[in-house]
Amino acid sequence: MWARRYPEAPTLTDTGRVRVRETLNAAIRAELERAVADGRLALDVLPNVSVERPRDPSHGDWATSIALVSSKAAGAPPREIAEMLAAGLRERLAGVATAIEVAGPGFINIRLARDVVADVVERVRSLGDAYGAGARSGRRVQVEFVSANPVGPMHVGHGRWAALGDSIARILEHAGDTVEREFYINDAGVQMDMFAASVSARYLELAGHEAAFPEDGYRGAYVTDIAREILDAEGPCWADASAAEREAHFKEQAYAQVLMHLTRVLHGMGVDFDVWFSERTLHAPGTDGGPAAIERGIARLKEAGYLFEHEGALWFRSTDFGDDKDRVLKKADGSYTYFAADVAYHADKFDRGLDLVIDIWGADHHGYVKRMESAVAALGHPGQLEVIIGQLVNLFRNGEVVRMSKRTGEMVTFEDLLDEVGADAARYFFLRRSTDQPLDFDIGLAKERSSDNPVYYVQYAHARICSILRKSAGADTTDESVDVAAVGSQTSADSAALALLGSEPGTLAGDAELGLLRKLAEFPEVVEVAARQRAPHKLTTYAEELASAFHQFYTHCQVVVDDPALRAARLALADASRIVLARALGLLGVSAPQRM
RNA sequence: GCGCCCGUAGCUCAGUUGGAUAGAGCGGGAGACUUCUAAUCUCUAGGUCGGGGGUUCGAAUCCCUCCGGGCGUGCCA
């Protein structure tokens, strides 16, 4: 088995909310220490202090269960401990918190002063896109994803890995890492030969010759399209060439066409790779004329003492690292396994100085994870490879499963899907579910321009804000020539004005303002968690919650009002919401339209 | 057989690594446009968190076991 690892999260530094959290933690720890020093609390070891955000807003902004945790060791009732700590905290946190209460079995609930809550508005507006960003970690991370065999069009599952890998890359970048996106092209295997043979057979058919189609050939219509393009461009002369010559030539032609398809489709959805890595280069002789990378990779494992020969084959002792069985690198017939190339490939990655490599593979490859982790460990980089297993996509159309046949090659390609639903909806739906969950994708729903569609729900919130900003500038609300970001930044609200926000709790308007302020403040933590868990779906959930908080605010609070202070405060709040919505969508790779 | 993933409202799914009365959207029921976009909002119904044990102040979450579903278990790629 392998444990899912969540390496240390980058430290967030620029975010007031996290500082609030640290301030509270520090205050609670100090109270705890004081109580122990005074002999009021009998604890040998101090428990870890942590405040959390209660689900129920009536429990305040933050809460801690420290009294419950300490109760047993201290030999005192939790409520008694809580009362004692709360008394000290009220003094220590005067100015930050307006209420500190003991509730339930012994929770300490903390309600922040309103100006501390409202402070998020100016923090967001001054930081802009950097809000929620982590300090530069100095860590170089590579995300390798899609990595399809270049033998056909992208399928819908590839689209999901693309959205996932790119969004994880964006999130890690925002959290402070330096990230590279890489596509590993499996262009060396026998499937390329089969692909060439399939194109060759179609070419001969088109040129009017008899041709037996290969048993396990690729039967999709795209193969014929490629053959036709070659025929149109180069004529029927290849029918006279030897099969080997023809297939060798067609292989490269077809390969080039598929690569163009891949880059075009991926670029069309906003995914651009830094490196396209060809598997062939691993088999080719070294640039210095020395041994091929694949041989050098094996040599390294040998030096490390993990190889042995058995029944004419060369094996890697992956069981030393917890794998179920040992794995063959070089077969008895002298050829290399796919795994051998992958060892060389990963050795190359770490030679490039990467600190962490994240591979995204389809669910059908999960049996391969342990051996790859073992190899990376044997190469001297234990724990520096992380494999994310992406589950498949089931396509639905109005509740009906869209059937696809691998045998006949009939399928809805990812490009078809993009054409039909658009890049925004496709990406958003792919990212909406946790990665280890198979995804049901309803084409009808993704296309729907209604409240049923969460993409539009979130984008609409952004568009609404832009409309308000246009109006506040005295322009027509539909005038797209207005620079809404400039209008937003020209708005200024002093702290007295901001203190108006949420000043009437209990009213629809007051609660809506407070709800929106609190939601904005959560963003840095959401980014941190999404980064640590490689979980973009945390951001779709957040984006929908933020959009919901904004729509409530919009319904209950007129922004462009006569009172200049209230108007400025609400305008600033709307502007901050615009910035965070756009940032959240940006991390998902989804556009934030200014008008819908 | 063994390994991994999953099982939460009628449906699709969240649940911040053990916290307070388990949440959201859709679907069902009832309402709100003379306003900065109704692609919106408000209220309501709906649960044995697959079953059973255990750990503890406290379990959807951790452990054991059983049931059910998916995937993997090549000298394929």
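Treat the numbers as computed from the prediction; the structure is a model and nothing was measured.
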| field | Glu480(A)/Arg470(A) ion pair, N-O < 4.0 Å | value | no
| task | For RNA chain B, produce a single dot-bracket line, 5' to 3'. Pairs: Watson-Crick or G-U wobble, both distances under 3.5 Å. Symbols: ( ) within strand, [ ] crossing, | other strand, . unpaired. | result | (((((((..((((.....[...)))).(((((.......))))).....(((((..]....))))))))))))....
| query | Just to confirm, is there a sub-4.0 Å distance from OP1 or OP2 of A14(B) to any side-chain nitrogen or oxygen of Ser434(A)? | reply | yes
| query | Where does the angle between the aromatic ring planes of Phe316(A) and Tyr306(A) fall among parallel (under 30°), tilted (30 to 60°) and perpendicular (over 60°)? | reply | perpendicular
| request: Tell me whether C6(B) sits syn or anti, counting syn as a glycosidic angle within 90° of 0. | output: anti
| query | In terms of heavy-atom contacts, does CG of Asp333(A) have more than 12 from other residues, nucleotides or ligands at under 6.0 Å? | reply | yes
| query | Have Tyr338(A) and Asn186(A) got a donor and an acceptor in their side chains that come within less than 3.5 Å? | reply | yes
| What distance, rounded to whole Å, do you find between the two P atoms, one in C64(B) and one in A30(B)? | 50 Å
| field | Phosphate OP1/OP2 of A77(B) contacted by Tyr336(A) side-chain N/O (<4.0 Å) | value | no
| task | For nucleotides G28(B) and A9(B), find the distance between their C1' atoms and express it as a whole number of Å. | result | 12 Å
| Base, sugar-phosphate, or nothing for Arg595(A), non-hydrogen atoms under 4.0 angstrom? | base
| query | What is the nucleic acid contact for Lys330(A), judged by heavy atoms within less than 4.0 Å: base, sugar-phosphate only, or nothing? | reply | nothing
| field | Any donor-acceptor N or O pair under 3.5 Å, side chains His346(A), Asp359(A) | value | yes
| query | Do any side-chain nitrogens or oxygens of His551(A) fall under 4.0 Å of OP1 or OP2 in A38(B)? | reply | no
| Distance between the P atoms of G27(B) and C41(B), in whole angstroms? | 13 Å
| request: Give a yes or no on this: more than 12 heavy atoms of other residues, nucleotides or ligands lie within 6.0 Å of atom NZ of Lys302(A). | output: no
| said: Say we look at G51(B) and A22(B): how far apart would their P atoms be, to the nearest angstrom? | reply: 16 Å
| request: Calculate the interatomic distance between Asp333(A) atom CG and C75(B) atom P; express it in whole Å. | output: 12 Å
| Given atom CD of Glu309(A) and atom C1' of C75(B), what is their separation to the nearest angstrom? | 13 Å
| task | Among C57(B), C36(B), A14(B), find the nucleotide with the atom closest to the side chain of Lys72(A). | result | C57(B)
| task | Give Ala574(A) one of three labels, base, sugar-phosphate or nothing, depending on what nucleic acid heavy atoms sit under 4.0 Å from its own. | result | nothing
| query | In whole Å, what is the span from the CG atom of Asn453(A) to the P atom of U12(B)? | reply | 18 Å
| d(CZ, Phe396(A); P, C26(B)) in whole Å | 20 Å
| remark: To the nearest angstrom, the CG-P distance between Leu282(A) and A77(B) comes to 14 Å
| Hey, is Arg111(A) close enough to Glu101(A) for a salt bridge, meaning N to O under 4.0 Å? | no
| query | If you check the His366(A) side chain, which of G3(B), C75(B), G15(B) turns out closest? | reply | G3(B)
| query | Looking across every strand, which nucleic acid part, if any, lies under 4.0 Å from Ala363(A) by heavy atom: base, sugar-phosphate, or nothing? | reply | sugar-phosphate
| said: Between U61(B) and U56(B), how far apart are the two C1' atoms, rounded to whole Å? | reply: 14 Å
| task | Return the nearest nucleotide to the side chain of His556(A); candidates are C41(B), C5(B), C36(B). | result | C41(B)
| request: Go through the N and O atoms of the side chain of Asn109(A) and the base of A20(B), and report whether any donor-acceptor pair is under 3.5 Å. | output: yes
| In whole Å, what is the span from the CG atom of Asn394(A) to the P atom of C13(B)? | 9 Å
| Basic-acidic side-chain contact under 4.0 Å: Arg518(A), Asp61(A) | yes
| message | Taking Leu588(A)'s backbone N and O only, do any of them form a donor-acceptor pair with Arg427(A)'s side chain (distance below 3.5 Å, no angle check)? | response | yes
| If you check the Asn149(A) side chain, which of A77(B), A20(B), C36(B) turns out closest? | A77(B)
| said: Would you say Arg55(A) places a side-chain N or O within less than 4.0 Å of OP1 or OP2 belonging to G23(B)? | reply: no
| The side chain of Arg433(A) lies closest to which of these nucleotides: G19(B), C57(B), A14(B)? | A14(B)
| Separation of Tyr542(A) atom OH from A24(B) atom P, in whole Å? | 18 Å
| message | Using OP1 and OP2 only, check whether a side-chain N or O of Lys331(A) sits under 4.0 Å from A77(B). | response | yes
| field | Closest to the Arg464(A) side chain, choosing from C76(B), A38(B), C41(B) | value | A38(B)
| query | Is Thr477(A) touching bases, backbone alone, or none of the nucleic acid, heavy atoms closer than 4.0 Å? | reply | sugar-phosphate
| query | Got a sec: does the CD of Glu52(A) have more than 12 other heavy atoms crowding it under 6.0 Å? | reply | yes
| note | Comparing nearest nucleotides in RNA chain B, the 5'-proximal residue of the pair Val529(A), Ser548(A) is Val529(A)
| task | With heavy atoms under 4.0 Å as the rule, sort Tyr368(A) into base, sugar-phosphate or nothing. | result | base
| query | When rounded to the nearest Å, what value does the distance between C1' atoms of A60(B) and U8(B) take? | reply | 7 Å
| query | Between His365(A) and A77(B), do the rings stack, that is, sit under 5.5 Å apart with planes less than 30° off each other? | reply | yes
| Under 4.0 angstrom, heavy atoms only, what part of the nucleic acid is Ala63(A) near: base, sugar-phosphate, or nothing? | base
| query | Is Gln558(A) touching bases, backbone alone, or none of the nucleic acid, heavy atoms closer than 4.0 Å? | reply | base
| message | Regarding Glu247(A) and Lys251(A), does a basic nitrogen lie under 4.0 Å from an acidic carboxylate oxygen? | response | no
| field | Sugar-phosphate only, base, or nothing, as touched by Asp440(A) at under 4.0 Å among non-hydrogen atoms | value | sugar-phosphate
| query | Taking the same atom, P, in C5(B) and in U40(B), what whole-Å distance lies between them? | reply | 38 Å
| field | Val69(A) side chain, from C-beta outward: closest of U35(B), G19(B), A20(B) | value | G19(B)
| query | Want to settle it: does Ile468(A) or Thr337(A) sit nearer the 5' end of RNA chain B, counting the closest nucleotide to each? | reply | Ile468(A)
| Where the side chain of Tyr457(A) is concerned, which of A60(B), C41(B), A39(B) is the nearest nucleotide? | C41(B)
| field | Stacked cation flag Arg327(A) on Trp315(A), 6.0 angstrom / 45 deg | value | no
| query | Stacking check: are the rings of Phe107(A) and A20(B) less than 5.5 Å apart at their centres and under 30 degrees in tilt? | reply | yes
| request: Using a heavy-atom cut-off of under 4.0 Å over every strand shown, decide if His310(A) touches base, sugar-phosphate, or nothing. | output: base
| request: Could you tell me whether Cys466(A) contacts a base, only the sugar-phosphate backbone, or nothing, with contacts defined as non-hydrogen atoms closer than 4.0 Å? | output: nothing
| request: Return the value, rounded to whole Å, for the distance between atom CG of Asp342(A) and atom C1' of G74(B). | output: 16 Å
| Of all the nucleotides listed (A14(B), G15(B), C41(B)), which has the minimum atom distance to the side chain of Gln437(A)? | A14(B)
| message | Counting only side-chain heavy atoms from C-beta out, which of A20(B), U42(B), G15(B) sits nearest to Lys538(A)? | response | G15(B)
